[in-house]
2 protein chains.
Amino acid sequence: MASQTERLERLLGTQLGRCCQSDVDDRLATLNGYQESIPADLSSDLNALKVLSTETRHRIVRLLAAAERDLCVCEFKPLLDVSDSAISHALSDLREAGLVTRRKDGQWRYYGATPRAEAILDALDRTRGDGE
Amino acid sequence: MASQTERLERLLGTQLGRCCQSDVDDRLATLNGYQESIPADLSSDLNALKVLSTETRHRIVRLLAAAERDLCVCEFKPLLDVSDSAISHALSDLREAGLVTRRKDGQWRYYGATPRAEAILDALDRTRGDGE
DNA sequence: AATACATATGAGCGATTGTTCATATACTCA
DNA sequence: TGAGTATATGAACAATCGCTCATATGTATT
């Protein structure tokens, strides 16, 4: 049975030219340190990214960011090639993910991009086309 | 049959207190302006977000960012609760999405986070917990 | 050359997803 | 109050996804 650290041991042999148990322990401690620097609950980050990763929802947020104002649900209609229902579902998912806000005005609903949404789009824009 | 702009026309009636054809045309032109400011090809952005939106791949990138150095494939093993194959698939997806780089050293492979990956994580970190 | 090893790749399976259709809710105006 | 409108919600279905297992590729060592 292959242990969890069998290969790590060999890697350290390559990197250090030697490898005793304390070398393995030290490296494992270092790796655990990286692990601990990760937010305990990733679900909100993962959800924000997932929600922004499909075309309909992504486009909605880009439109809101470009508009620099809240848009009414019906303003998305001529710009997106999906049903009203799909737009509504998309906005609902975006709101739950903290990427858009909603404001009611009579029968109309206005949505706006949150700073979180804008920060993510900005990160993409600033790094688009980077080879690496 | 409901036209694409039927509701928009009524919205403008509400917003402007009137609505003739030129009002509709103006608004449509404005909306099309937003549309045009969106990158023509979203697929690379969408893919980057999708790839970062599941736990295994996201965790890999967070580990690389925390490490501030390239990590060997075998170093992920004790930190992730999935098979070697899943780690390899994940790294391959991340590389294709431009989120990690790969460096070969003998039989070992070292991966590192790209500026694009770091920018996205940073956007998430800076805005985590924003109510809106 | 043969064996061992590190990583990669492809098929396949259960689980999740984005959409549409049907329907519900809530507001407006006669 | 009743008809019309704007948006939201739930079910359902095809499509996609993430994982594991089996196997392939390329490197090191003997």
Side-chain angles (χ1 to χ4, degrees), chain A residues 1-15 17 19 43 46-47 49-60 70-78 80-97 100 102-111, chain B residues 1-15 17 19 43 46-47 49-60 70-78 80-97 100 102-111:
Chain A
M1 70 183 187
S3 100
Q4 283 279 82
T5 59
E6 202 176 294
R7 257 185 300 166
L8 183 60
E9 201 171 323
R10 277 188 287 268
L11 174 70
L12 293 176
T14 299
Q15 288 184 346
C19 182
S43 60
L46 296 177
N47 193 242
L49 295 167
K50 185 183 68 182
V51 163
L52 270 185
S53 75
T54 65
E55 180 147 10
T56 298
R57 292 183 304 237
H58 191 99
R59 238 172 231 292
I60 285 175
D70 293 354
L71 293 178
C72 178
V73 175
C74 67
E75 292 185 277
F76 296 112
K77 179 64 173 172
L80 300 170
D81 204 24
V82 292
S83 67
D84 290 350
S85 178
I87 295 176
S88 195
H89 277 294
L91 287 165
S92 174
D93 294 343
L94 284 163
R95 194 159 82 107
E96 202 184 336
V100 303
R102 184 175 69 172
R103 176 165 59 82
K104 301 188 184 190
D105 181 14
Q107 58 195 153
W108 310 101
R109 299 288 182 278
Y110 290 90
Y111 286 86
Chain B
M1 69 184 188
S3 100
Q4 283 279 82
T5 58
E6 202 176 293
R7 258 186 297 166
L8 183 60
E9 199 170 325
R10 277 189 286 266
L11 175 70
L12 293 175
T14 299
Q15 288 184 346
C19 182
S43 60
L46 295 177
N47 193 240
L49 295 168
K50 186 183 68 182
V51 163
L52 270 184
S53 76
T54 65
E55 180 149 9
T56 298
R57 292 182 304 236
H58 191 99
R59 238 171 231 292
I60 286 175
D70 293 354
L71 292 177
C72 178
V73 175
C74 67
E75 293 185 278
F76 296 113
K77 179 63 173 173
L80 299 170
D81 205 24
V82 293
S83 68
D84 290 350
S85 177
I87 295 176
S88 194
H89 277 294
L91 286 165
S92 174
D93 293 343
L94 285 164
R95 194 159 81 108
E96 202 183 338
V100 302
R102 185 174 70 172
R103 177 165 59 81
K104 302 188 185 191
D105 181 14
Q107 60 196 151
W108 310 101
R109 298 289 181 278
Y110 290 90
Y111 286 84

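Labels below follow one simple rule: chain letters A, B, ... track the order of the sequence lines, proteins then strands, and each chain is numbered from 1.
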For the residue pair B:K50 and B:N47, establish whether any side-chain heavy-atom pair is separated by less than 4.5 Å.
yes

> Would the number of heavy atoms belonging to other residues, nucleotides or ligands and lying under 6.0 Å from CD of B:E96 be above 12?
Replying inline: no

In the 5' to 3' direction, the nucleotides of DNA chain C bounding the stretch that comes under 4.0 Å of a heavy atom in chain A are C:dC5 to C:dT28

Which part of the nucleic acid, if any, lies within reach of B:S85 when heavy atoms closer than 4.0 Å are counted: base, sugar-phosphate only, or nothing? base

Discussion item. Mind checking if A:T54 touches a base, just sugar-phosphate, or nothing, with heavy atoms under 4.0 Å?
Written reply: sugar-phosphate

So NE2 of B:H58 and CG of A:L46: to nearest 0.5 Å the spacing works out to 5.5 Å

Taking the side chain from A:S83 and the backbone from A:A86, do they hold a donor-acceptor pair closer than 3.5 Å? yes

Taken to the nearest 0.5 Å, the spacing of A:L8 CG from B:E75 CD works out to 6.0 Å

Interatomic distance, OH@A:Y111 vs CZ@A:R95, rounded to 0.5 Å, equals 6.0 Å

Here the gap from A:I87 atom CD1 to A:L94 atom CG, rounded to the nearest 0.5 Å, amounts to 12.0 Å

| message | So A:K104, base contact, sugar-phosphate only, or nothing? Heavy-atom distance under 4.0 Å. | response | nothing

Ranking A:D93 and B:R102 by the position along DNA chain C of their nearest nucleotide, the one closer to 5' is B:R102

In this structure, CG of A:L11 is separated from OG1 of A:T5 (nearest 0.5 Å) by 11.5 Å

Checking all strands, does B:F76 fall into the base, sugar-phosphate, or nothing category for heavy-atom contacts under 4.0 angstrom? nothing

Separation between CG (B:L71) and CZ (B:F76), nearest 0.5 Å, reads 4.5 Å

Comparing nearest nucleotides in DNA chain C, the 5'-proximal residue of the pair A:L8, A:V51 is A:L8

In the 5' to 3' direction, the nucleotides of DNA chain D bounding the stretch that comes under 4.0 Å of a heavy atom in chain A are D:dT5 to D:dG10

request  = Give A:Y111 one of three labels, base, sugar-phosphate or nothing, depending on what nucleic acid heavy atoms sit under 4.0 Å from its own.
outcome  = sugar-phosphate

B:S92 near the nucleic acid: base, sugar-phosphate alone, or nothing, with a heavy-atom cut-off under 4.0 Å? sugar-phosphate

